[in-house]
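Right, one structure below, let's go through it.
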Amino acid sequence: MQLELPDGDSIDVEQGTRVIDVAYDIGKGLGDATVGATLDGELMDLRDEITREGTFEIITVDSPQALEITRHTAAHVMAQAVKGVFDDVELAIGPAIDDGFYYDFDMGHSLSEEDFDAIKEEMENIVESDYDVERYSMPIDEAREYLEEQGEEYKVELLEEFEEEGETELTFYRQDGFTDLCRGPHLQSTGQLKHFDLLDVAGAYWRGDEDNKMLQRLYGTAFTSQKDLEEFITRRKEAKERDHRRLGPELDLFTFHPEVGPGLVYWHPKGAEMLNVIKDFWREKHREAGYDFVSTPHIGKSDLWQKSGHLDYFREDMFPPMEEENQEYFIKPMNCPFHIQIYQSRTRSYRALPLRWAELGTVYRHERSGVLHGLLRARGFTQDDAHIFATPDQVKDEIIGVIDLTFDILSAFGFDDYEIALSTKPEKSVGEQGKWDKATESLRQALEELDLDYEVEEGEGAFYGPKIDVHLEDALGRLWQTTTVQFDFNLPERFGITYTGSDGREHQPYMVHRAILGTLERFFGILVEHYKGAFPVWLSPLQAVVLPVTADNNEYAEGVAEKISDAGIRVEARTDQDEQLSRQIHEAQLEKIPYMLVVGDNEEGTGEVSLRLRTEEDLGPRPLDEFIEFAKDKIDEKALL
RNA sequence: GCCGGCGUAGCUCAGCGGCAGAGCGGCUGAUUCGUAAUCAGUAGGUCGGUGGUUCAAAUCCACUCGCCGGCUCCA
């Protein structure tokens with residue numbers, strides 16, 4: 001049997017040879033370092049037998065593909081260590097994940113970070129002992145008996161599930177005295193695990209179901225090189241430094257006042273300024289794209305929310321009602337029912353469609369207390385909402401229009417990497433099949449025509465319609481959900497909205513609900529983290545600051561600031577402080593102000609300003625007008641600096 | 001909502017049964033200074049809240065509110 005190797009050579013092996021034996025045949029060094037292989041790209045355990053021909057690649061401890069295997073074994077090593085350190089530990093599951101691995105335990109002792117050192121030390125011992133990781137299998141009944149005897153009731157539950165799926169034999173992995181029901185693949189021996197760390201401890205429901213018992217989840221990570229591990233730790237630290245919840249108050253942009261109400265944002269002057277820049281830009285873009293603007297109330301009677309279905313499906317996310325003359329009023333969690341009121345205020349002809357109605361609509365949702373997360377998950381937020389009402393033959397072009405507008409807007413903020421998902425009809429849904437097909441197809445065609453890569457997520461659509469979601473990637477490579485484009489078959493049906501077609505008959509329009517930034521709050525939070533608070537000039541609340549070298553230059557500084565301000569640039573002269581220049585620069589740096597203009601006797605004599613960028617570059621003196629032109633260009637170009 | 005951790009000055013934190021502390025920031029004064037922190041003085045507190053244990057509670061206990069990390073949720 002021929003196996004083709006990555007270097008182009010091929011080797012002859014007998015059917016049924018194990019991966020590890022092939023590796024040792026090639027060389028002992030390779031064999032010792034082997035942790036698995038891929039056959040035609042498919043991951044194999046090193047203990048697997050090769051049963052067919054194909055492109056064969058050995059994965060060694062140092063290969064990037066070894067990551068998953070390494071982490072999986074790391075999870076076992078950690079579990080063994082926890083069992084070694086504490087008594088009465090029951091194992092649940094312990095998979096490798098994107099950033100590392102975890103293991104869920106049911107145990108009497110309540111884990112905390114104080115236990116990390118002891119667990120890590122025990123892990124080091126297991127690694128140093130370099131135990132072989134053996135694989136073996138057992139008939140399912142024997143396995144059940146074994147697990148029951150071990151008191152591993154969670155594993156028994158898993159086993160029963162495998163049994164239902166028709167499995168008759170189960171694989172186990174064993175190292176030293178530690179045995180775990182596991183599919184693999186795993187490393188050869190615990191000594192191959194070298195670069196790992198423990199990260200966090202948290203609660204997690206068994207099987208992710210909140211009706212089940214809460215287990216203790218221990219998170220860790222492992223890499224194939226020390227450098228990667230260190231980079232990962234650094235990136236975590238970097239993410240912490242970018243946390244908008246820290247930067248926001250620090251830069252005087254916004255604060256929360258949980259004693260007044262958790263999840264509600266207070267925008268300070270600088271934050272509000274920036275928010276207004278975003279809103280102005282958003283309105284301009286929407287006007288250009290043919291949207292009209294509407295504005296609707298914040299509360300509505302329960303009848304409306306009953307009719308829209310919110311009281312049946314969304315009530316627990318709504319704030320409790322207030323009563324007025326025996327009527328219940330609810331504060332709006334969504335804008336759509338209100339836009340529908342406007343639609344229904346008169347009859348609509350096909351000639352008037354499509355209607356594109358946009359509103360920066362502030363809504364309130366009673367998010368469960370544990371999910372709040374600064375601006376990214378708040379209880380009061382402003383959606384950059386719009387509803388499009390269209391005829392069937394307009395739908396596709398409307399979707400293309402929305403997607404075009406999306407990338408036009410997002411790229412202006414410096415986001416150029418996206419992941420797009422198309423979610424199709426779920427099991428439970430409303431609306432005719434024909435409409436689902438038509439709508440889903442229009443979403444697909446729009447993506448195809450725009451030549452965009454996307455993933456189809458079957459059955460992940462909302463019950464009321466298919467959707468496209470856009471996740472944008474930030475400077476740290478993290479993905480954030482912003483844009484959503486959703487068809488809605490529910491509300492048109494419930495409210496019975498219609499238009500008169502060219503045939504003189506009544507038809508139900510397609511309704512598309514879409515938000516591009518998502519919510520202003522969330523988008524703002526993403527901007528803060530993406531730019532680490534050092535915003536592009538056009539967004540910066542304060543774009544320039546004039547710093548007098550001594551108080552003698554104050555008058556000149558004021559004059560300079562006035563001219564800059566007259567040019568429409570947001571500027572401030574720091575003439576009320578009387579601090580040393582280096583001190584003023586220090587403060588301006590911390591405020592991340594894009595342009596610092598130093599004015600002393602030299603500049604005052606020549607009518608110039610000395611320009612320093614927040615990137616610590618001193619660009620030297622230049623005429624004031626030249627700076628103004630420079631700054632205006634940068635603002636127009638939406639340049640970073 | 002659930003599990004765990006944490007709430008001390010505006011911020012970052014020390015103190016962990018016996019007088020409430022530091023640095024930064026604020027304020028006042030001096031300094032008039034050329035590209036990331038001048039010097040001196042000074043004010044600032046219901047130790048998240050309520051109740052309890054104790055001769056004595058920031059410190060120990062219970063409850064509660066909030067924050068943080070996850071889980072679940074994100075029609």
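Every value quoted in this text rests on a predicted model; they were computed, and no experiment measured them. So that the names make sense, note that chain A is the first sequence line, chain B the second, and so on, each numbered from 1.
- For A/Asp601 against B/G34, a side-chain-to-base donor-acceptor contact under 3.5 Å is absent.
- B/A58 and B/G15 have their C1' atoms separated by 9 Å, given to the nearest Å.
- Separation of the P atoms belonging to B/G21 and B/U42 is 15 Å when rounded to the nearest angstrom.
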Summarise protein proximity over nucleotides 64-73 of chain B in one line of letters, 5' to 3': B for base, S for sugar-phosphate only, - for none, counting protein heavy atoms closer than 4.0 Å.
--SSSBBBBB
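- Nucleotide B/G45 has no partner under the Watson-Crick or G-U criteria, as no pair reaches both atom distances under 3.5 Å.
- Taking the six-membered ring where the residue is Trp, A/His109 and A/Phe86 present parallel rings, their angle staying beneath 30° rather than reaching 60°.
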N/O-N/O pairs, protein side and nucleotides 41-45 of chain B side, under 3.5 Å:
none

If the sugar-phosphate is the primed atoms plus P, OP1 and OP2 and the base is the rest, what is the B/S/- string for nucleotides 8-16 of chain B, using protein heavy atoms under 4.0 Å?
---------
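- With C1' as the reference atom, B/A75 and B/U50 are 38 Å apart, rounded to whole Å.
- Taking the C1' atoms as reference points, B/C16 lies 10 Å from B/A57, given to the whole Å.
- Residue A/Ala462 is classed as having no contact, given no heavy-atom separation below 4.0 Å to the nucleic acid.
- Annotation: B/C47 and B/A22 have their C1' atoms spaced 16 Å apart (nearest Å).
- Note on ring orientation: taking the six-membered ring where Trp is involved, the planes of A/His387 and A/His339 are perpendicular (angle over 60°, cut-offs 30° and 60°).
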